[in-house]
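Only a predicted model underlies this, so the values are computations on that prediction, with no experimental measurement involved. Here is the naming used below: chain letters follow the sequence lines, and residue numbers restart at 1 for every chain.
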4 protein chains.
Amino acid sequence: MSPRTVEQYEQIRSEKRTIIMNAAIEVFAEKSFQGASVSMIAQKAGISKGLLYNYFKSKEELLKEIIKNAADTIYQYFDPNHDGILTAEEFFFFIRKNFQVVKENVNYWKLYSALVLQPSVLKLIDHDFDEVSANYIKLVYDLFERSGIEDVEGELLLLTSMVKGAIIQYVAMPDFFPIDKIESKILEYYRNKLSV
Amino acid sequence: MSPRTVEQYEQIRSEKRTIIMNAAIEVFAEKSFQGASVSMIAQKAGISKGLLYNYFKSKEELLKEIIKNAADTIYQYFDPNHDGILTAEEFFFFIRKNFQVVKENVNYWKLYSALVLQPSVLKLIDHDFDEVSANYIKLVYDLFERSGIEDVEGELLLLTSMVKGAIIQYVAMPDFFPIDKIESKILEYYRNKLSV
Amino acid sequence: MSPRTVEQYEQIRSEKRTIIMNAAIEVFAEKSFQGASVSMIAQKAGISKGLLYNYFKSKEELLKEIIKNAADTIYQYFDPNHDGILTAEEFFFFIRKNFQVVKENVNYWKLYSALVLQPSVLKLIDHDFDEVSANYIKLVYDLFERSGIEDVEGELLLLTSMVKGAIIQYVAMPDFFPIDKIESKILEYYRNKLSV
Amino acid sequence: MSPRTVEQYEQIRSEKRTIIMNAAIEVFAEKSFQGASVSMIAQKAGISKGLLYNYFKSKEELLKEIIKNAADTIYQYFDPNHDGILTAEEFFFFIRKNFQVVKENVNYWKLYSALVLQPSVLKLIDHDFDEVSANYIKLVYDLFERSGIEDVEGELLLLTSMVKGAIIQYVAMPDFFPIDKIESKILEYYRNKLSV
DNA sequence: AATGAATGAGGTTTCATTCAT
DNA sequence: CATGAATGAAACCTCATTCAT
């Protein structure tokens with residue numbers, strides 16, 4: 001009958017936050033940020049609307065936290081060794097990792113892809129990850145240059161287009177789009193280009 | 001002040017419909033279907049809410065009509081000569097036309113791209129165009145096969161990914177993404193493949 | 001069947017605004033700003049909650065408009081002739097007018113008196129009227145000085161206290177507090193002081 | 001670590017009750033009864049919401065207890081010697097005490113003044129003190145009569161108005177309103193009237 | 001005695017849609 | 001054809017209160 005300890009409370013909060021955020025990712029992905037209601041999210045999370053507001057001070061805040069949380073997770077995956085050099089091997093690893101992360105978080109990426117197209121919501125979210133992303137692009141740029149590729153900028157555009165196009169088609173129809181096949185195809189393309 | 005003829009009336013109606021639909025495309029693209037209010041659309045179209053409902057019986061209907069109308073327009077562009085054969089030249093024309101259409105209707109494609117990611121809204125709209133699209137893919141398939149390309153399916157996946165990836169990046173940031181450059185790059189890629 | 005003219009719409013809006021504001025004054029006076037719900041106000045005004053928001057963009061805004069509107073009305077009563085001189089006669093008239101205005105707008109003054117005690121709400125409202133009020137006090141100050149009153153500041157404090165005390169007691173219990181009697185008493189007090 | 005005695009427990013409870021009530025007075029004065037949340041009060045008291053409900057069974061109950069507690073305290077100050085006679089000296093003492101009590105409990109009086117204007121909340125609270133108050137008025141009435149004052153009722157109205165007006169102005173702006181000056185002024189007024 | 005997670009009713013606000021004019 | 005006032009359902013959010021620990 002003694003009251004819960006601070007640790008117990010913290011664990012409850014942390015676990016419930018995760019439950020809510022996961023529920024929200026699902027509903028946002030299905031209905032879009034604006035189309036999803038807080039009631040739906042609470043219901044999917046198995047809690048009352050009121051409690052959701054105990055954990056997140058608004059629907060907007062909930063979205064921000066989801067993005068922030070995902071960004072933090074992805075940082076870890078992609079933070080390259082900071083020697084400033086990206087080898088061809090690392091590049092292939094990066095591509096594969098990229099697809100793996102998407103496959104493991106389809107709903108998150110669906111949500112994120114929709115946000116990218118929605119300026120009015122996009123401006124709500126932090127863009128810390130943009131910098132990491134830009135750094136990575138820079139490393140790939142250097143790799144392409146070192147590998148004797150002529151039109152480096154064009155090749156980078158092609159890379160981002162292929163990858164983003166594959167991801168968008170996959171998250172739009174995860175049960176039908178053959179993501180593994182396109183992944184192989186992209187890797188194959190670069191195997192030739194980077195003439196390992 | 002002679003009374004207007006039936007034709008005149010119909011033309012007026014048709015023009016106003018277009019004005020409303022264009023306003024709606026803009027607002028939908030900016031705010032998403034759910035985030036856009038009928039008031040905003042009416043205001044942007046320069047008419048009253050009531051009149052909007054005179055032309056479209058609901059917000060949903062308005063969306064459907066936009067999609068249908070765009071599909072009709074695009075039919076015209078892409079309906080190939082029905083001889084069942086797509087030449088390499090026609091293929092290149094098709095790619096170029098594709099990008100041109102996107103560049104001329106950025107907001108429409110932004111809206112459409114967002115819809116593709118939103119199953120709950122997507123199911124509202126007609127999918128007549130899907131068939132045309134599938135036919136076209138079939139023609140490209142045949143062309144690739146005829147051209148001695150080995151992994152035809154993989155190559156098709158790569159094509160749709162590159163194009164969709166380019167489009168999505170462009171509509172997300174039309175002022176910054178170098179769409180012409182990626183267009184050239186894609187064309188170049190197929191110039192090699194199709195060994196014209 | 002022809003649509004309403006702009007004038008007709010303006011009249012409707014103007015009349016309904018007044019109806020809503022009057023309903024709100026009553027409910028605010030009875031329940032306080034925070035204790036009054038928009039539903040109550042709409043019900044008392046005989047309209048739907050939604051319509052209220054067509055006229056006032058928030059409950060706060062409604063309060064502000066009430067205060068502003070009242071201030072404007074009261075300006076007219078009290079704007080003195082701008083010769084910068086207040087005669088004893090004018091002073092008596094001012095006191096009487098003051099009480100009359102309160103008696104004719106009990107609920108408004110009840111609301112206003114409560115607001116004065118509530119800093120968190122008070123800061124929402126404009127204080128344009130404060131200046132007019134300060135000017136008036138200045139004129140009374142001069143009158144008292146001209147009339148040979150010794151402790152002018154003390155006498156001013158006494159004046160505002162008597163008047164405000166009378167008003168507060170009256171608005172708290174309008175059916176029981178003998179406002180006319182206290183009014184006479186105050187006037188009598190100054191008749192002696194100003195030895196007309 | 002000997003177990004606490006019943007007395008110790010009760011003292012602890014009593015002290016905590018006081019802490020909570022003081023916190024509540026502050027928050028009620030700042031935000032009004034309806035605008036203050038139980039969370040704010042608990043936070044200001046430095047305890048949890050749950051514990052607050054251990055001491056007071058509802059927000060309403062907390063308000064009632066505050067009023068009751070204050071009334072009890074004030075009884076002590078003002079319960080006159082029960083000989084049924086109020087001397088002029090005692091009257092002056094009463095006035096001074098009155099202002100002193102207000103100055104020492106600004107927030108309580110601010111809260112109380114706001115309540116007086118709010119019938120819907122006012123009816124929640126006990127009005128035991130009203131009787132004491134009425135008795136006191138009676139004693140003052142007698143004093144005025146004995147002192148040869150002509151319009152006794154009018155003079156009583158003036159008295160309550162002056163005092164309440166001074167208090168209300170003071171509690172509305174305690175840092176600016178010169179309460180000591182108006183206190184002297186009122187005392188002076190009665191020194192003349194009661195021709196001591 | 002003490003905590004804060006949890007609820008649910010009810011508050012404020014928005015908006016698709018209808019309708020009198 | 002055209003207006004915008006009006007509605008009502010449903011959205012977001014708050015908060016007094018309860019309860020397991």
Intra- and inter-strand pairs of DNA chain F in dot-bracket (Watson-Crick or G-U wobble, both distances under 3.5 Å; | for another strand) = .||||||||||||||||||||
query = D:L124 CG to F:dA16 P: how many Å, rounded?
reply = 14 Å
key: Between P of F:dT21 and CD of A:E10, the distance in whole Å   = 19 Å
key: Short side-chain N/O contact from A:Y53 to OP1 or OP2 of F:dT14, under 4.0 Å   = no
query = Looking at E:dA16, E:dT21, F:dA16, which one has an atom nearest to any side-chain atom of C:Q8?
reply = E:dT21
note = The answer to which of C:I12 and D:S58 contacts DNA chain F further toward the 5' end, by nearest nucleotide, is C:I12
key: Interatomic distance, B:M40 CE vs E:dT14 C1' [rounded to whole Å]   = 10 Å
request  = Tell me, please, which residues at least two apart from C:R13 pass salt bridge (charged side-chain N to carboxylate O under 4.0 Å, His left out).
outcome  = none
ask   = Do the side chain of B:K49 and the base of E:dT17 come within less than 3.5 angstrom through a donor-acceptor pair of N or O atoms?
value = yes
key: Over-ring placement of A:K16 relative to A:Y55, 6.0 Å and 45° cut-offs   = no
ask   = Does a donor on one side chain sit under 3.5 Å from an acceptor on the other, for B:Q11 and B:E15?
value = yes
key: Close side-chain approach of D:F28 and D:I66, heavy atoms under 4.5 Å   = yes
message = Rounded to whole Å, please give me the gap between CD in D:E61 and C1' in F:dA16.
response = 14 Å
ask   = Atom CD of C:E60 and atom P of E:dG11: how far apart are they, to the nearest Å?
value = 18 Å
inquiry  = Measuring from the side chain of D:K59 (C-beta onward, heavy atoms only), which nucleotide among E:dA6, E:dA1, F:dT17 has the closest atom?
reply    = F:dT17
remark   = By nearest-heavy-atom nucleotide on DNA chain F, the more 5' of B:L52 and D:S39 is B:L52
ask   = Using a cut-off of 4.0 Å on non-hydrogen atoms, how would the nucleic acid contact of C:S48 be classed: base, sugar-phosphate, or nothing?
value = base
note = Between A:V6 and B:Q34, whichever has its closest DNA chain E nucleotide further toward 5' is A:V6
Smallest separation among heavy atoms of A:S120 and A:Q34, with atom names = OG-NE2, 4.3 Å
task = Would you indicate what B:A36 reaches in the nucleic acid, counting non-hydrogen atoms under 4.0 angstrom: base, sugar-phosphate, or nothing?
result = sugar-phosphate
task = Check every atom of F:dA5, E:dA1, F:dT7 against the side chain of C:I47 and return the nucleotide holding the closest atom.
result = F:dT7
ask   = Between B:R17 (CZ) and F:dC1 (P), how many Å, whole number?
value = 12 Å
query = Should B:N54 be listed as having a side-chain N or O under 4.0 Å from OP1 or OP2 of F:dA2?
reply = no
task = If the plane angle is over 60° it's perpendicular, under 30° parallel, otherwise tilted; pick one for A:Y112 and A:W109.
result = perpendicular
inquiry  = Give me the atom names and distance for the closest heavy-atom approach of B:D126 to B:K68.
reply    = OD2-CD, 4.4 Å
key: Distance (rounded to the nearest 0.5 Å) between A:L115 CG and A:L124 CG   = 9.0 Å
key: Polar pair under 3.5 Å, donor/acceptor by atom type, side chain C:Y9, base F:dT3   = yes
From E:dA16, E:dA6, F:dT17, nucleotide with atom closest to A:L51 side chain = E:dA6
message = If you compare every side-chain N and O of A:R13 against the phosphate oxygens of E:dA5 (OP1, OP2), does one of them come in below 4.0 Å?
response = yes
query = Given that C:S37 and D:G46 both sit by DNA chain E, which one's nearest nucleotide is further toward the 5' end?
reply = D:G46
inquiry  = What contact category does B:K16 fall into here, base, sugar-phosphate, or nothing, at under 4.0 angstrom with non-hydrogen atoms?
reply    = sugar-phosphate
ask   = To the nearest Å, how far apart are D:Q43 CD and E:dT3 P?
value = 13 Å
query = Nearest-Å distance, CD (D:E15) to P (E:dA2)?
reply = 12 Å
query = To the side chain of A:Y55, which of E:dA6, E:dA1, F:dC1 is closest?
reply = E:dA6
ask   = So does A:K110 pair up with A:E30, basic N to acidic O under 4.0 Å?
value = no
